[in-house]
Amino acid sequence: GLVTVARVLFRSYLRQTVVGLSLMLGQAFFYNAIFFTYSLVLTKFYAVPAAAVGWYILPFAVGNFLGPLLLGGLFDTVGRRRMIAG
């Protein structure tokens, strides 16, 4: 079960687990911090009408959809470590 998976991850692969969790935590924090305040910044600081905010969010949605489709194969051929860390 999950206890067995957690035991293996934290005993046998501690370094890789910490790196993976750090990447996921950082991505979630920064993505949400930017994405959820984006419309507020657009309307309050840049005077973008609320009805037009969706057009500014559209590139994020397109990128979120196309990113995995276009880059997913590179993670398998080039390698995850080189793709993430450079």
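Only this structure's heavy atoms are used, side chains among them; waters, hydrogens and symmetry mates stay out.
Alongside I34, the hydrophobic cluster contains no other residue (criterion: ILVMFWY side chains under 4.5 Å).
Residues meeting the side chain to side chain donor-acceptor pair (under 3.5 Å) test with N32, sequence neighbours left out: none. With sequence neighbours left out, the ring-ring contact (aromatic ring centres under 6.0 Å, His included) criterion links Y31 to F35.
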Going by atom type alone, with no hydrogens or angles, which donor-acceptor pairs under 3.5 Å involve a side-chain atom of residues 69-76 and a protein atom two or more places apart or on another chain?
unit_1 : atom_1 : unit_2 : atom_2 : d
D76    : OD1    : R80    : NH2    : 3.3

Do any side-chain atoms of residues 44-63 form donor-acceptor pairs under 3.5 angstrom with protein atoms, and if so which ones, sequence neighbours left out?
none

Would you list the atom pairs, donor with acceptor, under 3.5 Å between side chains in residues 14-23 and any protein atom, with sequence neighbours excluded?
unit_1 : atom_1 : unit_2 : atom_2 : d
T17    : OG1    : L9     : O      : 2.9
T17    : OG1    : Y13    : O      : 2.7
S22    : OG     : V18    : O      : 2.7

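Both F36 and Y38 belong to a common hydrophobic cluster when Ile, Leu, Val, Met, Phe, Trp and Tyr are linked at side-chain heavy-atom distances under 4.5 angstrom.
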